[in-house]
Amino acid sequence: METAFKVPGPQNEPPNAFAPASAPRAALVAALGRVAGEVAEIPCIIDGKAVFTGRLMPVAMPHNHAHTLAQIHGAALPEAELALKACARARTEWQAMPWQHRLAIFLKAADLVATRHRAWINAATMLGQSKTCHQSEIDAVCEVADFWRFNPAFAAQLYEEQPQSAPGTWNTMQYRPLEGTVLAVTPFNFTAIGANLPTAPAMMGNTVVWKPAESQTLSAYVTYKILEEAGLPPGVINFLPGAGQHIVPRVMADPSFAGLHFTGATNVFRNLWKQAAQHLDGYKQFPRLVGETGGKGFILAHASADLDVLRTAIIRGAFEYQGQKCSAASRVYLPKSVWAKLRRPLLDAVADLRMGDVSDFGNFMGAVIREGAFVRLADVLDAARTDPRVTVLCGGGVDGQTGWFVQPTVLITDDPNSRFLTEEFFGPVVTLFLYEDTQYDDVLRLIDATSSYALTGAVIAQDRAALTQAHAALMNAAGNFYMNDKPTGAVVGQQPFGGARGSGTNDKAGSVHNLLRWVSPRVTKETFEPPRDYRYPFMDQA
């Protein structure tokens, strides 16, 4: 018997504070010990079955790179072939499942993350990605749970959207899954992105090949096991960890390829788009390409800015999670009058930031994700020290002996087109540019024109006219724009996330807009008393 179902109204999961002697802190410390005390063996999971390939790849703690947390059985071309077949086998039954039962799986998974498995997924994220307890909690628990609660509500909202019907007719809209396989390619920096990119298409009835970043595989595997416990059927999401050079091209070359859900580097997304174009004539349909890519997040201060608000926005925006957020504040535009008062408090605060093992709850920062990132950032800092138009105001040091540690670094330049104001470095490096207080109009145009990215930005001002002016002038400079706050920390259901220009397709994860990309609507018109004569009244001769 069919009935109208209503998805539970979603609410954002509140984060734990992990206060000393609290139960959440004790549970997390215990989970950290368990995760650190074993070497997990992570297989591919295809059609619900573990596949141990023997192509082993280690996952180490970034802040203690001698400590191996897991061994990945990396996928390659044979596993990609098997995953495509599994998607095809699972597709009919998954699409036929009533939508309320599909969505219930993810609602249950959200509760598992927020309760019984909270400490487990937090510990895997902290140790595998070098996140502090706070950064992990807002990501691996709160945002994961939020995606799995809000997206079902958005899906139900979408299904309720129906066209008008004229008298004597009934028009209906079906939101069909795409006719093929969706590929989800997820990054290292957010467990929540790893959870959302494969599951958003799956909620809408699609079957998915999920290729997580190698350095995020531990928390990705935990995510998959939670989905499995919640009742995800075999073959709906096929988990292929490891290097992507064989997996991704094979899936994208297949005639069944229906869509790409991607977060990562801009140049990688462009290359994937080109791969899709090369195979376009062989596809059964035009694939949906959804990407959230790079950023060069800005903070603009007006002469009326509150100094405490500004200092906090710069420090948290630039240095939380070692600046490894596409939304991170990496360029700051300051009036000279503000800089004269901000300089000492800002630099003193940055110098006091503690960096080290994230299991020590007194640390504000951990290590960057891997050796390659460490070497790249060391080169960036070397270039800053030798650039005659750049001054290192604070930080600039690196230490790779135990972990991949890069000091929080503040640079200043008088070159508005410096690479330090235009390139994304994806690390704890922020560059300042000073302007005359009377040049606010000019600096708005400068910010808009300086970077090829348009992901996030913020303006700090107490003058309402200055906020209004920036809001209008920077219309296309950021897909997520913040007033009197840092440009990071978008919350599902509150600030749908995404940017345009070189920052992606702006399909707004955390909203109904993203889910629309994973369905293909079909309209049905039923006429109750259809015409029986082809002639129209205007054809009468009398």
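Please read these numbers as outputs of a predicted model, since none were measured by experiment.
Look at E371 and R376 and you find no salt bridge, because none of the NZ, NE, NH1 or NH2 atoms lies under 4.0 Å from a carboxylate O. With salt bridges taken as basic N to acidic carboxylate O contacts below 4.0 Å, none links R370 and E214. In this structure, D382 pairs ionically with R385, as a charged nitrogen and a carboxylate oxygen lie closer than 4.0 Å. We find that D111 and R149 are joined by a salt bridge, their nearest charged nitrogen and carboxylate oxygen being less than 4.0 Å apart. With respect to the salt-bridge test (charged N to carboxylate O, under 4.0 angstrom), the residues E137 and K131 do not qualify. Electrostatic pairing of E79 and R55 counts as a salt bridge here, judged by a charged N lying under 4.0 Å from a carboxylate O.
Within 6.0 Å of atom CD in E38, more than 12 heavy atoms from other residues, nucleotides or ligands are found, so the atom counts as buried in its surroundings. Other residues, nucleotides and ligands place no more than 12 heavy atoms under 6.0 Å from the CD atom of Q11.
Here CD1 of I237 is found 5.5 Å from CG of L227. Values are rounded to the nearest 0.5 Å.
Counting all heavy atoms, side chain and backbone alike, R118 lies closest to A114 at NH1-O, 2.9 Å. Counting all heavy atoms, side chain and backbone alike, T450 lies closest to L421 at CG2-O, 3.6 Å. Closest approach of I369 to Q129, counting heavy atoms only: CD1-CA, 3.9 Å.
When the side-chain contact (heavy atoms from CB on, under 4.5 Å) test is applied to A70, the partners found at least two apart in sequence or on another chain are A40, I42, V59, L218. For the side chain to side chain donor-acceptor pair (under 3.5 Å) test, no residue two or more places apart in sequence or in another chain qualifies with R34. Residues satisfying the side-chain contact (heavy atoms from CB on, under 4.5 Å) test with A454, not counting sequence neighbours, are R501. Not a single side chain to side chain donor-acceptor pair (under 3.5 Å) links T217 to another residue, sequence neighbours left out. With sequence neighbours excluded, the residues that form a side chain to side chain donor-acceptor pair (under 3.5 Å) with D360 are R354. S130 is linked by a side-chain contact (heavy atoms from CB on, under 4.5 Å) to P62, H63, Q322, V358, A367, counting only residues two or more places apart in sequence or in another chain.
Outside the 6.0 Å centre-distance limit, the rings of H134 and F18 are not counted as a close aromatic pair.
Put simply, the side chain of F497 reaches to within 4.5 Å of the side chain of E292, judged on heavy atoms.
Annotation: cation-pi pair K296/F425 present, NZ/CZ under 6.0 Å from the ring centroid and within 45° of its normal.
Judged purely by atom type and a 3.5 angstrom limit, R102 uses its side chain to pair as donor or acceptor with the backbone of M203.
The only member of T199, N514, D507 that meets side-chain hydrogen bond (donor to acceptor under 3.5 Å, both in side chains) when paired with H261 is N514.
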Next on the checklist: Is there a side-chain contact (heavy atoms from CB on, under 4.5 Å) between V248 and V185? Walk through the geometry before answering.
Outcome noted: CA-CA 8 Å; V248 172; V185 179; 4.1 Å; yes
